[in-house]
Enquirer: 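Below are the structure tokens for one structure; questions will follow.
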Amino acid sequence: MNHPLALTLPSQSLEYTSVAKSPALLGDGDPEGVGGVAYSNHGAKVHLHKVSGKYSRADYYGGIIFAGGSARADITSCNFRSCQAGKGGGAVHAEGADTKVSMNRTHLVNLAAGLRGAGLHAMDKSTVTMSDCEFSLLRLMCGRKFGDKATADKFREGAGAMFRPVVKANREIDPNTIANPFHYTNAADSASCSGAGIYASDGSSVIGGDHPDSNVFENLSADRGAGIAVCGTTVHVSGMTMRGLSSIQGAGFYMASSTWSKSTHAVMGGGDEDQNATSRATNATEPSVLPPPSITPTAALVSHIAFADTNASAGGGVFFSVGSPSNVLKVRHIHVHNAAANLGAVFYLQRGGNASVQMFHMQELHAEVDAAVGWISGGSVLHLDSGHITNTSAGDRAGAFFVDGESVAHAAHTVASGTRASTTGGFFFATGRSTVTLDDSTVLKSSAGTAGGFAFLTGGSMLNLYGISTVQGAKAGTHGGAIYAELASQVVGGGAS
């Protein structure tokens, strides 16, 4: 085919088969800057089969495909590399309750987005399904320089390493780059830069099946949620392996509440800056005085996902949730191998985060400071049921769980072995009137360098041992071979020790 691979499809169907555009630059899609290869809306259908391409880009959303308004898009046996979107969806952007995107046997390499979803950006009850797909070298720019000619030239050469972020807690935005569509358009964007692999919000689903090997994402980086980020009600993500993840917070999964100013569509802390991409033009002018924002809690179901080789320089080597007590995270059939963070090598829950985990296996976990499995604070709750925890270490406290601020950690039908803390709390450290419960669970060979080989309780905290709960082989360097309790803390229940 001689015509460019750039399509605008209102209410029609079009199919491309066996198209190779490499190394020519693909078209820019819709004139408004969405859909680098194909823009589909209002029930349009797009089928890309055995298409290969490089350097596809969109100024705003959908570096390869933008699908909205009940559109259908199918991407089968395709290969794309070095694709980018200025805001979200370096590969695919989907929005709308009846919008469906299907991806099969497709490989995507070296993808980037300015703010969210260097791979996939799904919002507003849309559905993306995947089977046998591979994504690698995915980056979020998060305010870094993105649109100049030198950067573009290196991007076209496939220099994915140049998009690897420099990890900094605070980042300044160059005012000279604000007007470029590949940079932040307002200061609020900096709080919502998350989800290098997948960003899913407001009832959307990204479904990869019921086995982690169904799809692979590798070598991802973002300030928050290198793997997955979610925001808004009832989001479902399943069926994939994610490995080689690097973030400041939540290397595997970042969960945020959206704080929404309805009259401006501006996010004030986590979430989408546009209710949908096609309506952004009607909200271009911001009032001088913002109305009080409203907070939308997030509910997410994550299932059949494996995380490997993850690292968060701050907290949450895999999962990070902070915000409304109404936030609910459900995790089912999860595997974690080789995860690390400063605090909470797997979980970081704060300010009322609520997570329940069923059918899990976690091994080779390390916290530089505290909590080799979970950091749980500020009235947060973590429930674990039916799984294994193996070989963990903390540089200071809590070989598995650090529980603070009237928070709750509950483990049922769980077996943990080889948990270690350099100072106190070989399995857990509880303070601030928090509660830890073991229900028909077993902890083997936990150790602490100084006190509380199994448990260190202080500040009126409580340990409950229910059912046939067993602690064996616990040891500490100086005090409390198994349990060290002080300051009105207590141990109750009928578990064996």
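Quick note: numbers below take in every heavy atom, side chains included, and nothing from hydrogens, waters or symmetry partners. Being a predicted model, the structure only gives us computed values, none of them experimental.
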Enquirer: How about Val237 and Ile305: do any of their side-chain heavy atoms sit closer than 4.5 Å?
Expert: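 Yes. Closest side-chain heavy atoms under 4.5 Å.
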
Enquirer: Got a donor-acceptor contact below 3.5 angstrom from the Ser380 side chain to the Gly352 backbone?
Expert: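 Side chain of Ser380 to backbone of Gly352, a donor-acceptor pair under 3.5 Å: yes, one is there.
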
Enquirer: I'd like to know if the side chain of Thr234 and the backbone of Ala299 have a donor-acceptor N/O pair within less than 3.5 Å.
Expert: no

Enquirer: Between the side chains of Ser102 and Asn104, does any donor sit under 3.5 Å from an acceptor?
Expert: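 Their side chains do contain a donor-acceptor pair, which is all the 3.5 Å distance test asks for.
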
Enquirer: For Ser356, does its backbone N or O pair with a side-chain atom of Arg332 as donor and acceptor, under 3.5 Å?
Expert: yes

Enquirer: When you compare the side chain of Ser313 with that of Glu368, does any pair of heavy atoms fall below 4.5 Å?
Expert: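 Counting from C-beta outward, Glu368 and Ser313 never come under 4.5 Å.
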
Enquirer: Could you go through Ile64 and Leu108, starting from their C-alpha distance and side-chain angles, then the distance that decides it, and tell me whether this counts as side chain to side chain contact (heavy atoms under 4.5 Å, CB included)?
Expert: CA-CA 10 Å; Ile64 298 172; Leu108 301 105; 3.5 Å; yes

Enquirer: Side-chain contact test, heavy atoms from C-beta onward, threshold under 4.5 Å: evaluate it for Val109 versus Phe135 and give yes or no.
Expert: no

Enquirer: Met362 and Val373: side chain to side chain contact (heavy atoms under 4.5 Å, CB included), yes or no, with the steps?
Expert: CA-CA 9 Å; Met362 308 174 191; Val373 177; 4.2 Å; yes

Enquirer: Quick one: does any side-chain atom of Thr99 pair with a main-chain N or O of Ser70 as donor and acceptor, under 3.5 Å?
Expert: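 Looks like yes, one N/O pair under 3.5 Å.
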
Enquirer: Would you check, one step at a time, whether the test ring-ring contact (aromatic ring centres under 6.0 Å, His included) holds for His333 with His304?
Expert: CA-CA 5 Å; His333 298 279; His304 300 94; 4.6 Å; yes

Enquirer: Could you pull out the closest heavy-atom pair between Ala341 and Asn311, with the gap in Å?
Expert: N-OD1, 4.5 Å

Enquirer: Table please: side-chain donor-acceptor pairs of residues 384-391 below 3.5 Å, with sequence neighbours left out.
Expert:
{"unit_1": "Asp385", "atom_1": "OD1", "unit_2": "His413", "atom_2": "ND1", "d": "3.0"}
{"unit_1": "Asn391", "atom_1": "ND2", "unit_2": "Glu364", "atom_2": "OE2", "d": "3.0"}

Enquirer: Taking Gly69's backbone N and O only, do any of them form a donor-acceptor pair with Asn41's side chain (distance below 3.5 Å, no angle check)?
Expert: yes

Enquirer: Working to the nearest 0.5 Å, report the span between CD of Gln358 and NE2 of His383.
Expert: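 If I round to the nearest 0.5 Å, the distance is 11.0 Å.
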
Enquirer: Shortest non-hydrogen contact from Gly62 to His93?
Expert: N-CB, 3.7 Å

Enquirer: Supply the atom-to-atom distance Asp132 CG to Met130 CE, rounded to the nearest 0.5 angstrom.
Expert: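 One finds 11.0 Å between CG of Asp132 and CE of Met130.
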
Enquirer: Measure across Ala314 and Asn342 and return the closest heavy-atom pair with its distance rounded to 0.1 Å.
Expert: O-CB, 2.9 Å

Enquirer: Report yes or no: do Asn219 and Ser136 form a side-chain donor-acceptor pair below 3.5 Å?
Expert: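 Checked: Asn219/Ser136 side chains show no N/O donor-acceptor pair below 3.5 Å.
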
Enquirer: Compare all side-chain heavy atoms of Asn79 with those of Thr106 and state whether any distance is below 4.5 angstrom.
Expert: no

Enquirer: Test side chain to side chain contact (heavy atoms under 4.5 Å, CB included) on Phe80 and Val51; report intermediate values, then the result.
Expert: CA-CA 8 Å; Phe80 286 94; Val51 175; 3.7 Å; yes

Enquirer: What heavy-atom pair brings Ile248 and Ala312 nearest, and what distance separates the two atoms?
Expert: O-CB, 3.7 Å

Enquirer: Would you say the rings of His337 and Phe307 are close, in the sense that their centroids are separated by under 6.0 Å?
Expert: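 Centroid distance Phe307-His337: not below 6.0 Å, so no.
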
Enquirer: Donor-acceptor pair, distance only, cut-off 3.5 Å: does the side chain of Asn215 make one with the backbone of Gly239?
Expert: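 Yes, the answer is positive, given that a donor and an acceptor are paired below the 3.5 Å cut-off.
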
Enquirer: Does Ser40 use its side chain to pair, donor to acceptor, with the backbone of Arg72 at less than 3.5 Å?
Expert: no

Enquirer: Taking it one step at a time, do Thr127 and Val101 satisfy side chain to side chain contact (heavy atoms under 4.5 Å, CB included)?
Expert: CA-CA 6 Å; Thr127 301; Val101 176; over 6 Å; no

Enquirer: State, with a plain yes or no, whether a side-chain heavy atom of Ile65 is found less than 4.5 Å away from one of Ile75.
Expert: yes

Enquirer: Could you state the interatomic distance from NE2 (His49) to SG (Cys78), rounded to the nearest 0.5 Å?
Expert: 8.0 Å

Enquirer: For Asn354 and Val328, indicate whether the former's side chain and the latter's backbone hold a donor-acceptor pair under 3.5 Å.
Expert: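 A pair under 3.5 Å: no.
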
Enquirer: Using the ring pair (Phe, Tyr, Trp, His ring centres under 6.0 Å) criterion, which residues pair with His335? Sequence neighbours excluded.
Expert: none

Enquirer: Which pair of non-hydrogen atoms, one from Ala122 and one from Val206, has the smallest distance, and what is that distance?
Expert: CB-CG2, 4.2 Å

Enquirer: How long is the straight-line distance from CH2 of Trp375 back to OH of Tyr348, given to the nearest 0.5 Å?
Expert: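 It is 6.0 Å, given to the nearest 0.5 Å.
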
Enquirer: Picking from Leu382, Ile376, Val336, what satisfies side chain to side chain contact (heavy atoms under 4.5 Å, CB included) with Phe347?
Expert: Leu382

Enquirer: So do Val34 and Asp59 actually touch side chain to side chain, heavy atoms under 4.5 Å?
Expert: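 No, every pair of side-chain atoms sits at 4.5 Å or beyond.
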
Enquirer: Would you kindly say whether His366 and Ser393 are connected by a side-chain donor-acceptor distance under 3.5 Å?
Expert: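 A donor-acceptor contact under 3.5 Å links the two side chains.
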
Enquirer: Ignoring hydrogens, what is the shortest heavy-atom contact between Ala372 and Thr392? Give both atom names and the distance.
Expert: CB-CB, 3.7 Å

Enquirer: If we ignore hydrogens and angles and just use 3.5 Å, is the side chain of Ser204 paired with the main-chain N or O of Asp124 as donor and acceptor?
Expert: no

Enquirer: How many angstroms lie between OG1 in Thr129 and CD1 in Ile207, if you round to the nearest 0.5 Å?
Expert: 8.5 Å

Enquirer: Indicate yes or no: at least one non-hydrogen side-chain atom of Phe402 is less than 4.5 angstrom from one of Ser377.
Expert: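 Phe402 vs Ser377: side chains apart.
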
Enquirer: Does Ala256 offer a backbone N or O that forms a donor-acceptor pair with the side chain of Thr298 under 3.5 Å?
Expert: yes

Enquirer: Is the count of non-hydrogen atoms from other residues, nucleotides or ligands lying under 6.0 Å from Lys100 atom NZ greater than 12?
Expert: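 Correct, the count exceeds 12.
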
Enquirer: Within this structure, what is the NZ-OG distance for the pair Lys125 and Ser201, rounded to the nearest 0.5 Å?
Expert: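 With rounding to 0.5 Å, NZ (Lys125) is 12.0 Å from OG (Ser201).
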
Enquirer: Do the non-hydrogen side-chain atoms of Glu218 and Leu220 ever get within less than 4.5 Å of each other?
Expert: no

Enquirer: What do you reckon, are the aromatic ring centroids of Phe319 and Phe253 less than 6.0 Å apart?
Expert: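 Yes.
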
